[in-house]
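By convention in this document, chain letters (A, B, ...) are assigned in the order of the sequence lines, proteins followed by strands, and residues within each chain are numbered from 1.
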Amino acid sequence: MRRVVESDICIVGSGITAAMVADKLSRTTTATIVVVEAGDDTIPLSRRPSLRERFMRYGENPWGSDHLDAYEIEGPLQSRSMQVGGLAMHWGGVTPRFSPEDFRQRSVAGVGTDWPISYDDLEPAYQEAEALLGVAGEQGPAEMDPRAKPFPLPALPLTYNLGLLKEWAAKAGIAMWSQPSAKNSVPYAGRPACCRNDTCTPVCPIGAKYSPDFTWSALRRANRIQLLTRTLVRRLVLDPSTKRVTHAIAVDRDRPGTPVEFHAKQFVIAAGYVWSSHLLLLSAQPGAESGLANRSGLVGKYLTGHRNVQGYVNLPLRLYPGMNGQHSLLSKQFMRKPSGKYLRHDLRLWESEVGRGARLRDDSGALMLGDEILQDWRRRTQTGVARVRAYYDVIPDRSSELSLDATRKNAWGDPLPKLALRDAPESAALRGYSEDTIKALFTDMARAGGGEVARTSVDNFQDHPAGGCRMGGDPNTSVVDSHGRTHDHENLFVVGAPTCVSGSCANATLTFCALALRSAGEIARGADFRG
Amino acid sequence: MPALSRRAFLGWLAATVPAAAIVRRAHAAAVAHLEADPRLLRALADAVLPASLGEAGIRCATDAFRQWIDEYREGAELNHGYGTSALRFTRSTPATRWSAQLDAMNVRALEKHGRRFDATSRADRVVLVREALDKERIDRMPAVADAGHVAAALVAHFFDSAEAVDLCYEAQIGKNTCRPLASSARRPLPLARTR
């Protein structure tokens, strides 16, 4: 006994890149579209204010059952989240673009691998993504922040605090501007303007921040897609003669005894950097013994990201933390072509209260209560603290990989993935230099403002991970082409994060979305269901 | 029917009543205990919160803390951390511990001053609180749920609030509240203008 669901296009996953693909295909084709999501539907907007309250008071997860049980895996998983909307239900909404150099590392600096597309190739998709997400942004200096068109929404205003921090950065010779964000600076797409609730991560209580559920709701209302939740795709099956994917085999978590098959003309894997490679590897079968799309042996390889160096700087500025604490200043000054050793990084500044919170004991260790605490707190907050953070570019190694973990299986007997992100030798050799140079920059900045660096730290994981199905022109050294079509299977696309060749040194979600939209354009162009 | 020993009774209880139900009852009993004698918590608040809040402000902060305790849920999933697949959950209720600590301070007040905790002077209550906090070796402002002592929890709860931030900066920051975006560009107005 099995259940068969037929469509023109089957999209696996319902995160932000899946939403981009479904939205574009629904606008540009007449295709029937089925979206398959392993997790549950997400929490409706109306419930988010009360769940936010519980998050603020108790630290509770505002997204309820947003994950599958028994999915504890080995390695640095970015997030456990698996639900309609994916991790982007609790993202920060931060949407800078990559820089042109990100796509030409080998040509520009002799390291890493060039992408098969340039920044200019992606520019139209960047614009499209910014319009769909509703990005509020400020044009930076043109030589640092090339754009063909203005942002769709005016920039989020700089708070009083960020205004002071911008002046401070200028004294250090650094140009900074308002961080582009998928948060409404004015009402947009039927959603209200941001009102600084300041819990963008993990939950915006009013829907001013874009999250994929808004796209899914609109597509469902318009009856343009069928979205099946609680349905885990376990395998893709090939026609041995044509090497096309004929169907996907899934388990309905509510009726596990009845397998579900999804038959479609086109299959799109939009399941993020972990679950996309994982599904391809799980789909090993005669004729594709090492997994689908894996002629090169590179499925799951070259996982990429960027490493976070951050510091807290005491400054002789009267700041008022809490005005819009998740908004920041951005600079791309250090993302352009390096003049010496290969080091590229972004730079961000936030207001901070680290080290300036109320405390119970004074410097001598004496216990304080009541007004003593308040007076001590007032005295210590006459001057402020800035958080400064740089993501630096890490060249991925081939052994930076996702593999199947034979020791851990899910409830249906499929091996879970394990992750290990590793720097390529050229990055490993420069790690000390990179982090020392960034910390020295923090020190120079502090000095320029008459302040001092209170402390610095480096994350032990790479942020905004991507890769695993890297794009390229050569089927021997890449998994998908520049549009995300797998080299091995004509009707199988992988979109978004997994297709990245490298992880840049800036938040990557906008780029994942742009890549996914570019893929959707190709799917629409090549199919016989174009509207 | 022979009487059950304590051990046998506990064994029977563990076998028949789900642990979660026992925990819920313990939490409810502690909350009920706090609510049955609100004077103790009120007197504690008067000793450890800023007097500059005034009587109404202290009452308001105490009520908010009591509500926090009342609505605490054990075993609730905490917000996901980045970089790990591990899930974390809220711990066992602090209400039972805090309720017992309030009772202990009351007992100590009776021993030391011959009066209930809430009947002693503010100065004496402060001394009793300091004794208790030193005994618990509390040296930093805790997260509320992690507070080792009810006095530290009450202080932490208040100083984590938007009201406390405004009081510290003497400005209308309104942290974590819905405020017009445009007004963020100017320095927050001073508190004195509205209070």
Considering all heavy atoms, the nearest [X]-[Y] contact:
| X | Y | answer |
| --- | --- | --- |
| Arg361(A) | Asp139(B) | NE-CA, 3.3 Å |
| Pro180(B) | Arg196(A) | O-NH2, 2.9 Å |
| Phe159(B) | Gly370(A) | CZ-O, 3.9 Å |
| Leu167(B) | Arg378(A) | O-NH2, 2.8 Å |
| Phe55(A) | Asn79(B) | CE1-ND2, 3.8 Å |
| Arg140(B) | Leu360(A) | O-CD1, 3.5 Å |

Report the option among [options] that has the most heavy-atom pairs separated by less than 4.5 Å from atoms of chain B.
| options | value |
| --- | --- |
| Asn324(A), Ile373(A), Leu162(A) | Ile373(A) |
| Arg52(A), His67(A), Met56(A) | His67(A) |
| Gly59(A), Gly365(A), Ala193(A) | Gly59(A) |

Measure distances from [X] to the heavy atoms of chain A and classify the residue's part below 4.5 Å as side chain, backbone, both or neither.
| X | answer |
| --- | --- |
| Glu170(B) | side chain |
| Val48(B) | both |
| Leu49(B) | backbone |

For Trp68(B) and Tyr58(A), take the angle between the two ring planes, folded into 0 to 90°, and tell me which bin it lands in: parallel under 30, tilted 30 to 60, perpendicular over 60. tilted

Could you tell me how the ring of His80(B) sits relative to the ring of His90(A): parallel (under 30°), tilted (30 to 60°) or perpendicular (over 60°)?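 If you compare the ring of His80(B) with that of His90(A), the planes turn out perpendicular.
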
How about [X]: does its [atom1] atom have over 12 heavy atoms from other parts shown lying under 6.0 Å from it?
| X | atom1 | value |
| --- | --- | --- |
| Arg91(B) | CZ | no |
| Arg379(A) | CZ | yes |
| Lys112(B) | NZ | yes |
| Glu55(B) | CD | no |

Could you give me the CA-CA distance, side-chain angles and deciding distance for Phe158(B) and Leu374(A), then say whether side-chain contact (heavy atoms from CB on, under 4.5 Å) is met? CA-CA 11 Å; Phe158(B) 170 70; Leu374(A) 186 59; 5.9 Å; no

side-chain hydrogen bond (donor to acceptor under 3.5 Å, both in side chains) against Ser121(B), all qualifying residues, sequence neighbours excluded: Asp124(B)

Checking Asn184(A) now: which residues fulfil side-chain hydrogen bond (donor to acceptor under 3.5 Å, both in side chains) with it, not counting sequence neighbours?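 So Asn184(A) forms no side-chain hydrogen bond (donor to acceptor under 3.5 Å, both in side chains) with any residue.
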
Taking every heavy-atom pair that is under 4.5 Å apart, which of [options] has the most such pairs with chain A?
| options | answer |
| --- | --- |
| Thr177(B), Ile138(B), Leu78(B), Thr90(B) | Leu78(B) |
| Leu87(B), Val144(B), Val165(B), Val129(B) | Leu87(B) |
| Ala182(B), Ala164(B), Ala145(B), Ala152(B) | Ala164(B) |

Would you mind checking if Asp70(B) and Arg57(A) are paired as a salt bridge, meaning a charged N to carboxylate O distance below 4.0 Å?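 Asp70(B) and Arg57(A): not salt-bridged.
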
Backbone N/O of [Y] and side chain of [X]: donor-acceptor pair under 3.5 Å:
| X | Y | result |
| --- | --- | --- |
| Arg80(A) | Thr84(B) | no |
| Ser85(B) | Ile73(A) | yes |
| Asp371(A) | Ser52(B) | yes |
| Arg187(B) | Tyr320(A) | no |

Nearest-0.5 Å distance that lies between atom [atom1] in [X] and atom [atom2] in [Y]:
| X | Y | atom1 | atom2 | result |
| --- | --- | --- | --- | --- |
| Tyr169(B) | Met323(A) | OH | CE | 11.5 Å |
| Leu181(B) | Ser185(A) | CG | OG | 7.0 Å |
| Arg130(B) | Met368(A) | CZ | CE | 9.5 Å |

Is there a side-chain contact (heavy atoms from CB on, under 4.5 Å) between Asn197(A) and Asn176(B)? Walk through the geometry before answering. CA-CA 5 Å; Asn197(A) 284 290; Asn176(B) 291 331; over 6 Å; no

Interchain contact, [X] with chain B, by part (heavy-atom threshold 4.5 Å):
| X | result |
| --- | --- |
| Leu319(A) | backbone |
| Pro465(A) | neither |
| Gln375(A) | neither |
| Leu419(A) | neither |
| Glu372(A) | side chain |

Chi angles and distances behind the side-chain contact (heavy atoms from CB on, under 4.5 Å) call for Leu369(A), Leu133(B): CA-CA 11 Å; Leu369(A) 293 172; Leu133(B) 291 178; 4.2 Å; yes

Is it the case that Tyr160(A) and Arg186(B) place a side-chain donor and acceptor less than 3.5 Å from each other? no

Is the shortest heavy-atom distance from the side chain of Lys175(B) to the side chain of Glu353(A) under 4.5 Å?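 Yes, side chains in contact.
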
Would you sort out whether Glu60(A) and Arg88(B) count as a salt bridge (charged side-chain N to carboxylate O under 4.0 Å, His left out), showing the intermediate values? CA-CA 9 Å; Glu60(A) 290 179 10; Arg88(B) 298 173 303 126; over 6 Å; no

